[in-house]
Protein chains: 4
Amino acid sequence: MFELDPTDPTPLYAQIERAIRLAIATGRLKAWDQLPTVRQLAVDLRVNANTVAKVYGELERAGIVETRRGVGTFVRQVTGTSFSGPDRERRLAALVDRFLTETAELGVPLDEAIAFLQNRRKHGRTSAG
Amino acid sequence: MFELDPTDPTPLYAQIERAIRLAIATGRLKAWDQLPTVRQLAVDLRVNANTVAKVYGELERAGIVETRRGVGTFVRQVTGTSFSGPDRERRLAALVDRFLTETAELGVPLDEAIAFLQNRRKHGRTSAG
Amino acid sequence: MFELDPTDPTPLYAQIERAIRLAIATGRLKAWDQLPTVRQLAVDLRVNANTVAKVYGELERAGIVETRRGVGTFVRQVTGTSFSGPDRERRLAALVDRFLTETAELGVPLDEAIAFLQNRRKHGRTSAG
Amino acid sequence: MFELDPTDPTPLYAQIERAIRLAIATGRLKAWDQLPTVRQLAVDLRVNANTVAKVYGELERAGIVETRRGVGTFVRQVTGTSFSGPDRERRLAALVDRFLTETAELGVPLDEAIAFLQNRRKHGRTSAG
DNA sequence: GTGGTCTAGACCACG
DNA sequence: GTGGTCTAGACCACA
């Protein structure tokens with residue numbers, strides 16, 4: 001499904017939550033799809049089950065998934081943009097900053113990077129993850 | 001210079017480090033520019049001086065800045081690792097794909113993302129999240 | 001495991017780091033051995049836990065150990081940078097010359113120094129100065 | 001005369017003191033030779049004059065050099081081994097530990113390193129430093 | 001119980 | 001005044 005980056009200082013639970021939100025936002029997980037069980041995902045990610053359970057709990061409190069006892073955890077009807085106002089702004093800034101830093105470190109001029117972006121977009125090449 | 005986002009699960013020191021790397025990578029801090037003093041930046045960001053010191057230490061071990069004892073901390077000459085050929089191409093593609101995926105997640109149209117990129121590059125204000 | 005020398009101007013964290021690198025380099029700590037816990041080593045050496053944590057952090061960023069969150073810190077597989085040819089020769093010569101010079105400074109005859117080397121290699125007790 | 005290693009966590013004053021003791025012990029500086037002036041050495045090492053002055057002061061208190069006002073600083077008659085008992089032991093251990101660590105990291109077996117040592121010694125090749 | 005982050009505050013090395 | 005080292009101690013993430 002996805003992988004964790006142990007070198008990222010971001011806590012595991014935040015990495016997991018982000019990845020699930022991403023999967024939903026990009027449509028890889030659709031409404032009423034079932035999420036992996038806590039234990040299964042814990043095994044896949046080589047993480048303690050408590051960590052996954054914490055994430056599912058937070059997603060449920062956020063109204064993004066729904067847990068039916070004894071059945072499983074499911075994606076709820078997507079209400080709209082999953083990120084709102086200031087949060088959206090903040091995340092966009094973070095994305096853009098990282099992109100600028102990494103292209104600059106690669107020695108790629110911004111113009112070239114943008115051209116690459118547009119080109120890549122046209123050919124429909126995105127790998128979700 | 002930049003701001004921290006206390007709601008971001010990313011540790012403060014990592015937010016600070018990212019912001020400084022960004023400033024250097026984008027040329028807002030140039031070779032041999034002096035960084036703010038540890039204590040000054042700590043005051044500006046309202047964090048403990050040790051937190052800033054930790055960042056400066058890591059940047060130094062990473063070879064990105066140079067500290068002269070009793071004088072201050074300075075941006076080092078960028079050696080330009082300069083990846084070339086297929087490696088550079090491959091890395092750029094990875095960066096771009098991730099950027100496309102993540103902006104899509106946020107529901108940000110590519111045009112808006114590019115505008116944001118260019119604007120941010122120009123005006124250099126960052127919220128280091 | 002080893003001892004610190006408080007009269008040595010070398011910072012404590014550097015003494016600790018050197019001792020651990022020595023233990024790994026000489027095979028006293030082997031790949032995937034667990035290091036002492038941060039708190040335990042701090043108690044043994046009578047230093048603050050933060051000081052040990054700093055060392056472990058640096059060793060991790062240097063790629064020498066690996067920490068698994070909530071589990072512990074482990075020696076990584078030695079990749080063996082394996083310098084070869086003239087480079088290896090050159091580096092070895094530099095090491096040897098420095099060693100000869102410095103033992104001469106101390107007035108230690110080469111025979112004694114070599115005996116010390118072999119003994120220390122065998123019994124592995126170090127005073128990390 | 002010698003160089004400082006800015007990446008060594010050892011304080012500058014300790015590096016300088018060690019180098020001067022080394023020069024005396026190895027005979028590069030002989031009894032009644034004049035040391036460079038504080039200011040000259042400070043310029044050569046690109047260090048603040050206070051730092052050098054501190055070292056000269058300590059060497060004088062240790063009875064190793066003698067300052068004649070308005071004339072200069074001179075090496076005193078060497079009384080014997082410059083390092084005594086526990087200090088000698090400690091320093092030898094430090095030397096040996098570093099040597100073991102560095103050869104091991106180079107992937108040089110101890111036997112080979114010792115052979116190299118003996119060979120190098122025979123051919124009289126030492127560079128004081 | 002494991003490592004990691006952060007703070008407050010002392011003291012040192014250096015200019 | 002600059003950065004660096006160390007301590008004590010709180011709190012967090014993870015197993």
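Note that the coordinates shown come from a computational prediction; the quantities given were computed from them, not determined experimentally.
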Quiz item: Got a salt bridge between D:E102 and C:R91, using NZ or NE/NH1/NH2 to carboxylate O under 4.0 Å?
Solution: no

Quiz item: Which listed nucleotide (F:dA15, F:dG4, F:dT7) is nearest to the side chain of A:N48?
Solution: F:dA15

Quiz item: Which part of the nucleic acid, if any, lies within reach of C:R68 when heavy atoms closer than 4.0 Å are counted: base, sugar-phosphate only, or nothing?
Solution: nothing

Exercise. Go through the steps for B:L41 and B:Y56 under the test side chain to side chain contact (heavy atoms under 4.5 Å, CB included), then give the verdict.
Key: CA-CA 11 Å; B:L41 188 53; B:Y56 281 20; 3.6 Å; yes

Quiz item: Starting at CG of D:L4 and ending at C1' of E:dC14, how long is that distance when rounded to a whole Å?
Solution: 13 Å

Quiz prompt | Residue met sooner reading DNA chain F from 5', once B:G57 and C:R39 are mapped to nucleotides | solution = B:G57

Exercise. Verify, without hydrogens or angle tests, whether C:E17 (side chain) and C:E58 (backbone) share a donor-acceptor contact under 3.5 angstrom.
Key: no

Quiz item: Starting at the 5' end of DNA chain E and moving along, which residue's nearest nucleotide shows up first, C:G72 or D:A14?
Solution: C:G72

Quiz prompt | Protein-nucleotide distance (B:R69, atom CZ; F:dG4, atom C1'), rounded to Å | solution = 9 Å

Quiz item: Of all the choices, F:dG4, F:dA15, F:dT5, which nucleotide is nearest to the side chain of B:T67 once you look at every atom?
Solution: F:dG4

Practice problem: Mind calculating the distance between CG (C:D8) and P (E:dC12) to the nearest angstrom? | Solution: 17 Å

Quiz item: OP1 or OP2 of F:dG1 sitting under 4.0 Å from any side-chain N/O of B:T37?
Solution: no

Practice problem: Find the distance B:L35:CG to F:dT2:P and express it as a whole number of Å. | Solution: 13 Å

Exercise. Figure out the CD1/C1' separation between A:I16 and F:dA15, and round it to whole Å.
Key: 13 Å

Quiz item: Whole-Å distance between E:dG4 P and C:N50 CG?
Solution: 11 Å

Practice problem: Grab the stems for DNA chain F, please: at least three consecutive Watson-Crick or wobble pairs, both distances below 3.5 Å, written as range with range. | Solution: E:1-14 with F:1-14

Exercise. Taking only the side-chain heavy atoms of D:K54 (C-beta and beyond), determine which of E:dG4, E:dA13, E:dT5 contains the nearest atom.
Key: E:dA13

Quiz item: In Å, rounded to the nearest 0.5 Å, how long is the span from CD1 of B:I16 to CD of B:E3?
Solution: 12.5 Å

Quiz item: Hey, which of these two, B:A49 or C:T73, hits DNA chain E nearer its 5' end, going by closest nucleotide?
Solution: C:T73

Self-check item: More than 12 heavy atoms of other groups within 6.0 Å of A:R39 CZ
Solution: no

Quiz item: Less than 4.5 Å apart, any side-chain heavy atom of C:E60 and any of C:T73?
Solution: no

Exercise. Report, as yes or no, whether the 6.0 Å neighbourhood of atom CZ on D:R68 holds more than 12 heavy atoms from other residues, nucleotides or ligands.
Key: yes

Quiz item: Taking CG from D:L12 and P from F:dG3, how many angstroms apart are they, rounded to a whole number?
Solution: 16 Å

Quiz item: Between B:Q34 and A:T51, which is nearer to the 5' end of DNA chain F once each is assigned its nearest nucleotide?
Solution: B:Q34

Quiz item: Separation of A:L41 atom CG from F:dC14 atom C1', in whole Å?
Solution: 15 Å

Quiz item: CG/C:L59 to CG/C:L35 distance, rounded to the nearest 0.5 angstrom?
Solution: 7.5 Å

Practice problem: Go through F:dC14, E:dC6, E:dC11 for me and flag the one nearest to the A:Y13 side chain. | Solution: F:dC14

